[in-house]
Amino acid sequence: MQHTNKLIFLLGILYMTVTLSSCQGVFVSDKEKEVVARVGENFLYKEDLEDLVGKNVAKEDSITLVTSYINNWASKQLLMSKSKVNLSEDQLAEFDRLVANYKTDLYTGAYKEALVQKEQDTIISKEELEAFYQKEKENFKLSEKLLRVRYVELPPQFLNKKAVIDKLKGFSDKDRMYLDSINVQFRKVNFNDSVWVEASRLINEIPPLTSENEQLYLKKSQFFEMQDSLGVYLTKVVDMLDKNEAAPLQYITPTIKRVLLNRRRLEYLRKLEVDIIDEAIKNKEFEIYEKQE
């Protein structure tokens, strides 16, 4: 009990000193650092605990946080020490090699990505997109039906449904103006019939439309009306592409851009590796010694 009280007292003092010192911002040497705990030749300093103690944290909670952190730190140090004694030399050598490789990969990876972000051109021209599409479009087969549609969902009690149907079918500039003028009365609307959408997305928007009955309604140039207790669904199918057909360029443009940017990135990194070696050889920073027979 006395040992526990002493520990709590010391942690209380530590809490106060950490809180006060966090406001001072004084630079000190290693010799001047205040030691909190030691495991073998490894030391935990008071400054390592400063970020644990928030200004609005109660003293009791801060003591708990500090105690937990110290115990966790000590546990890791002790396990690390035990591992160096009990693991074989081959295991230790292999782990050291893995750590060194990971450190190298971490540094070089971050550096290369920073160069890519700074130097790589991220603009893909229309000509590049079109050229890639024409060459590779057979590799971009649709996994489901695609459609371009105009769509309006009306409330069940909507009075002038026939006018909306006529305007949605015709869709001249005058028709579009009329529909826009009353669209606040619609529950949902989509007039952008130049965008391709998946059949599954349309099925989610229209409850009476299902994967079982879609063949009856989802046809090119077809207009259909469906209704349930929630609303009236008016849809004009402007165009349709079936499953396994080549995906349209507009639909897969984001995918093509990612592919082209990734190719450009890999080419940049390959050139970077060649250039950095050439420069090192030129500056006599890198050389390979011939094996002596």
Side-chain angles (χ1 to χ4, degrees), residues 1-120 122 254 258 261-262 264-266 268-270 272-273 275-277 279-280 285-286:
M1 181 65 72
Q2 290 180 349
H3 177 75
T4 303
N5 291 336
K6 183 178 180 181
L7 175 61
I8 294 175
F9 173 75
L10 289 174
L11 289 173
I13 296 297
L14 175 62
Y15 163 77
M16 295 300 293
T17 55
V18 168
T19 303
L20 291 173
S21 62
S22 65
C23 302
Q24 294 172 359
V26 179
F27 292 97
V28 295
S29 66
D30 287 345
K31 293 182 180 180
E32 296 173 330
K33 290 181 180 179
E34 184 175 338
V35 177
V36 173
R38 178 186 67 83
V39 172
E41 299 300 319
N42 299 299
F43 296 90
L44 182 66
Y45 297 99
K46 181 177 65 177
E47 67 180 32
D48 298 325
L49 306 174
E50 290 177 356
D51 291 339
L52 292 176
V53 182
K55 294 182 179 180
N56 298 322
V57 178
K59 179 178 178 180
E60 293 77 10
D61 294 334
S62 297
I63 291 174
T64 301
L65 287 172
V66 170
T67 304
S68 177
Y69 185 90
I70 293 174
N71 288 338
N72 188 49
W73 174 85
S75 176
K76 288 181 179 180
Q77 300 301 320
L78 291 167
L79 287 170
M80 184 70 171
S81 177
K82 294 290 185 183
S83 70
K84 290 182 177 180
V85 173
N86 291 284
L87 293 177
S88 69
E89 292 294 328
D90 289 342
Q91 285 178 304
L92 292 173
E94 176 64 12
F95 291 149
D96 286 341
R97 184 186 66 81
L98 291 173
V99 169
N101 286 342
Y102 178 72
K103 181 178 180 180
T104 299
D105 291 343
L106 195 63
Y107 276 79
T108 57
Y111 177 62
K112 288 192 291 187
E113 286 304 315
L115 288 177
V116 168
Q117 293 296 322
K118 181 181 179 182
E119 303 293 340
Q120 184 180 345
T122 58
R258 286 194 296 271
L261 285 175
N262 189 55
R264 192 179 289 178
R265 173 182 175 275
L266 293 175
Y268 175 83
L269 290 176
R270 280 193 290 267
L272 173 65
E273 291 175 358
D275 289 347
I276 201 170
I277 289 177
E279 183 180 2
E285 297 173 338
F286 169 55

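Model, not experiment: these values are computed from the prediction.
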Enquirer: Quick check: does any side chain N or O of Gln77 sit under 3.5 Å from a backbone N or O of Glu41, one acting as donor and the other as acceptor?
Expert: no
Enquirer: Taking all non-hydrogen atoms of both residues, which atom of Thr122 and which atom of Leu261 are closest, and how far apart?
Expert: CA-CD2, 3.6 Å
Enquirer: Determine yes or no for a side-chain-to-main-chain donor-acceptor pair under 3.5 angstrom, with Asn72 supplying the side chain and Ser68 the backbone.
Expert: no
Enquirer: side-chain contact (heavy atoms from CB on, under 4.5 Å) between Asn42 and Trp73: does it pass, once the steps are laid out?
Expert: CA-CA 10 Å; Asn42 299 299; Trp73 174 85; 4.2 Å; yes
Enquirer: Nearest 0.5 Å, what's the CZ-CG distance between Arg270 and Leu266?
Expert: 5.5 Å
Enquirer: Quick check against the 3.5 Å criterion: does Thr104 have a side-chain atom that pairs as donor or acceptor with the backbone of Ala100?
Expert: yes
Enquirer: Working to the nearest 0.5 Å, report the span between CG of Leu79 and NZ of Lys84.
Expert: 12.5 Å
Enquirer: May I ask you to check whether over 12 heavy atoms, not counting those of Glu89, lie within 6.0 Å of atom CD?
Expert: no
Enquirer: Evaluate whether atom CD1 of Ile276 has more than 12 neighbouring non-hydrogen atoms of other residues, nucleotides or ligands under 6.0 angstrom away.
Expert: no
Enquirer: With rounding to the nearest 0.5 angstrom, report the NZ to CG distance, Lys76 to Asn71.
Expert: 12.5 Å
Enquirer: To the nearest 0.5 Å, how far apart are CG in Asp48 and NZ in Lys33?
Expert: 7.0 Å
Enquirer: Any side-chain heavy atom of Leu115 within less than 4.5 Å of one from Tyr268?
Expert: yes
Enquirer: Main chain of Met80, side chain of Ser83: is a donor-acceptor contact present, judged purely on distance under 3.5 Å?
Expert: yes
Enquirer: Report yes if some heavy atom in the side chain of Glu113 is under 4.5 Å from a heavy atom in the side chain of Arg265; otherwise report no.
Expert: yes
Enquirer: In plain terms, say whether Glu94 and Arg97 are close enough for a salt bridge, that is, a side-chain N and a carboxylate O under 4.0 Å apart.
Expert: yes
Enquirer: When Thr67 is tested against each of Ile70, Ile63, Thr64 for side chain to side chain contact (heavy atoms under 4.5 Å, CB included), which residue passes?
Expert: Ile63
Enquirer: Are the side chains of Leu49 and Tyr69 in contact, using a 4.5 Å heavy-atom criterion?
Expert: yes
Enquirer: Tell me whether Tyr111 at atom OH has more than 12 heavy atoms from other residues, nucleotides or ligands lying less than 6.0 Å away.
Expert: no
Enquirer: Is there side-chain contact between Leu98 and Phe95, with heavy atoms separated by less than 4.5 Å?
Expert: yes
Enquirer: Could you walk me through whether Gln120 and Arg264 pass the side-chain contact (heavy atoms from CB on, under 4.5 Å) check?
Expert: CA-CA 8 Å; Gln120 184 180 345; Arg264 192 179 289 178; 3.6 Å; yes
Enquirer: Testing the basics here: between Leu87 and Gln91, what is the closest heavy-atom pair and its distance to 0.1 Å?
Expert: CD2-OE1, 3.5 Å
Enquirer: Treating Arg38 as the side-chain partner and Gly40 as the backbone partner, does any N or O pair qualify as donor plus acceptor under 3.5 Å?
Expert: yes
Enquirer: Could you tell me whether Lys112 and Glu119 have a side-chain N and a carboxylate O separated by less than 4.0 Å?
Expert: no
